[in-house]
Amino acid sequence: MTVVETLLVYAVAPLALIAVLALLTLVPGRRKKLRYKPGQAWDHEPVWYEPHPVGGGGHGPTEAHGPAGVPGDGTTALGSSMYPEQHGPGAPGQSGGYGGGDSHGATGARALAAGPSAAAAARPFGGARGTW
Amino acid sequence: MTRVLEGTSHDTATSAGTMATRADEAEAPDSIFSYQELLRLDEALTMSSRETGLRFTLYIGDLGPQTRARAEELFERSGSDLPDSVLIAVSPGQRVVEVVTGAAAARRLPDRACALAVLSMTNAFASGDLVGGIVNGLRQLSDQAGHPRGLRTH
């Protein structure tokens, strides 16, 4: 074997193989679906999911019921029982940045408008909290 | 299952701009979940709500610095029948899950049962399986709440 042949067989060929495999695995766009990994940031819009109403057999656009059924803003096209979070008329431009005096006031006002008695009737909330 | 599929297709067909919404829906909205995952979530929510007579809603998004207060705020806006509602609020960015139950729901779903469901959910979340964890948690919660005798669902 000449030197050139030796180099081709022992250096270039393995490198070419490695390069092909690396290209297959690392090339972007191959994997469409992004998967949640714990610890990574979550920069999606908040979404509500709510069950289908009992009576309505799911034909036609789902009726908005209660304050969580969002009337109007961009919620009709999503098909299943999926609603983006409600952007109330009293809360301008809240796009993820919650936590602050004014957003507190806005939601408080909306809860009052929705019916203070209903919220009060449900008041001793139960539940649990978990972290991972 | 078929009903859910049918319902979604009808929804998109009846709203204006059929082609656009169709194309939008083919890849899942906001690309958080695939279409199959959305179906699983949908079915789990609907079925557990029908079985138990409680109203399960699911929120996925940021919960702010005071997660509990924020979850309760959201819960108060989550529907008309608050005492019988259950909210599962998941904040993957903060790695927090909050379950909020109304007063009547809390009688059937004591806090310990919720904590157990939350534990199984966080187990799945920690391995990166959001949808599986939520579906399992919903199953546990609805098993615990049971089926009231007077309730007619079918």
Side-chain angles (χ1 to χ4, degrees), chain A residues 32-52 54 57-62 65-69 76-82 84-86 88 96-99 103-104 107-108 110-111 114-115 118-119 121-132, chain B residues 3-4 6-8 10-12 14-15 21 24-25 29-32 34 38 41-42 45-46 49-50 55-62 64-65 68 70 72-73 75-80 82-83 92-93 95-103 106 111 114-115 118-119 121-122 125-126 128 130:
Chain A
K32 264 277 179 60
K33 186 177 156 324
L34 80 169
R35 189 178 148 77
Y36 169 73
K37 289 189 218 60
Q40 81 184 16
W42 186 261
D43 48 0
H44 303 286
E45 285 285 302
V47 282
W48 278 104
Y49 299 93
E50 62 173 13
H52 287 282
V54 180
H59 293 280
T62 320
H65 49 279
T76 48
L78 286 176
S80 70
S81 63
M82 176 184 165
E85 206 215 351
Q86 180 173 20
Y98 293 110
S103 87
H104 240 276
T107 45
R110 198 175 317 124
R123 220 353 155 146
F125 293 146
R129 175 181 204 277
T131 56
W132 69 92
Chain B
R3 166 138 63 183
V4 174
E6 236 175 72
T8 44
H10 273 272
D11 274 354
T12 47
T14 46
S15 61
T21 47
D24 228 23
E25 197 176 302
D30 200 17
S31 70
I32 307 178
S34 72
L38 281 179
L41 282 182
D42 198 23
L45 273 180
T46 306
S49 297
R50 282 192 195 165
R55 187 160 181 279
F56 287 93
T57 55
L58 170 65
Y59 172 89
I60 302 179
D62 194 51
R68 187 70 199 173
R70 176 82 187 127
E72 289 182 356
E73 241 175 58
F75 176 78
E76 283 174 357
R77 290 160 46 196
S78 74
S80 49
L82 278 186
R95 302 205 212 177
V96 169
V97 54
E98 297 271 4
V99 175
V100 186
T101 55
D111 289 358
C114 293
V118 161
L119 187 66
M121 280 195 263
T122 52
F125 294 159
L130 275 184

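Keep in mind that the numbers below use all heavy atoms, side chains included, and drop hydrogens, waters and symmetry copies.
- In this pair, Trp132(A) and Phe125(B) present their aromatic rings tilted. The plane angle is within the 30 to 60° band.
- A pairwise comparison of heavy atoms in Pro51(A) and Phe56(B) identifies CD-O, 2.8 Å as the closest pair.
- Note: Pro92(B) leads Pro92(B), Gly128(B), Gly102(B), Ala103(B) in heavy-atom pairs under 4.5 Å with chain A.
- Separation of atoms NZ (Lys37(A)) and CG (Leu130(B)) is listed at 11.5 Å; rounding is to 0.5 Å.
- Residues Thr131(A) and Val96(B) share a closest heavy-atom pair of CG2-CG2, 4.0 Å.
- Asp42(B) and His52(A) make their closest contact through OD2-NE2, 3.1 Å (heavy atoms, listed as atom of the first residue, atom of the second, distance).
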Decide side chain to side chain contact (heavy atoms under 4.5 Å, CB included) for Val118(B) and Arg129(A); before the verdict, give the C-alpha distance in whole Å, the side-chain angles of both, and the deciding distance to 0.1 Å. CA-CA 7 Å; Val118(B) 161; Arg129(A) 175 181 204 277; over 6 Å; no

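- In this structure, Ala128(A) and Asp111(B) approach most closely via the heavy-atom pair CB-O, 4.2 Å.
- Nearest approach of Ala126(B) to Pro38(A), heavy atoms of both residues: O-CG, 3.1 Å.
- In this structure, Phe125(A) CZ and Arg68(B) CZ are separated by 9.0 Å, a value rounded to the nearest 0.5 Å.
- Contacts between Ile60(B) and chain A at a heavy-atom distance below 4.5 Å involve backbone atoms as well as side-chain atoms.
- For the atom pair Thr57(B) OG1 and Tyr49(A) OH, the distance stands at 12.5 Å (nearest 0.5 Å).
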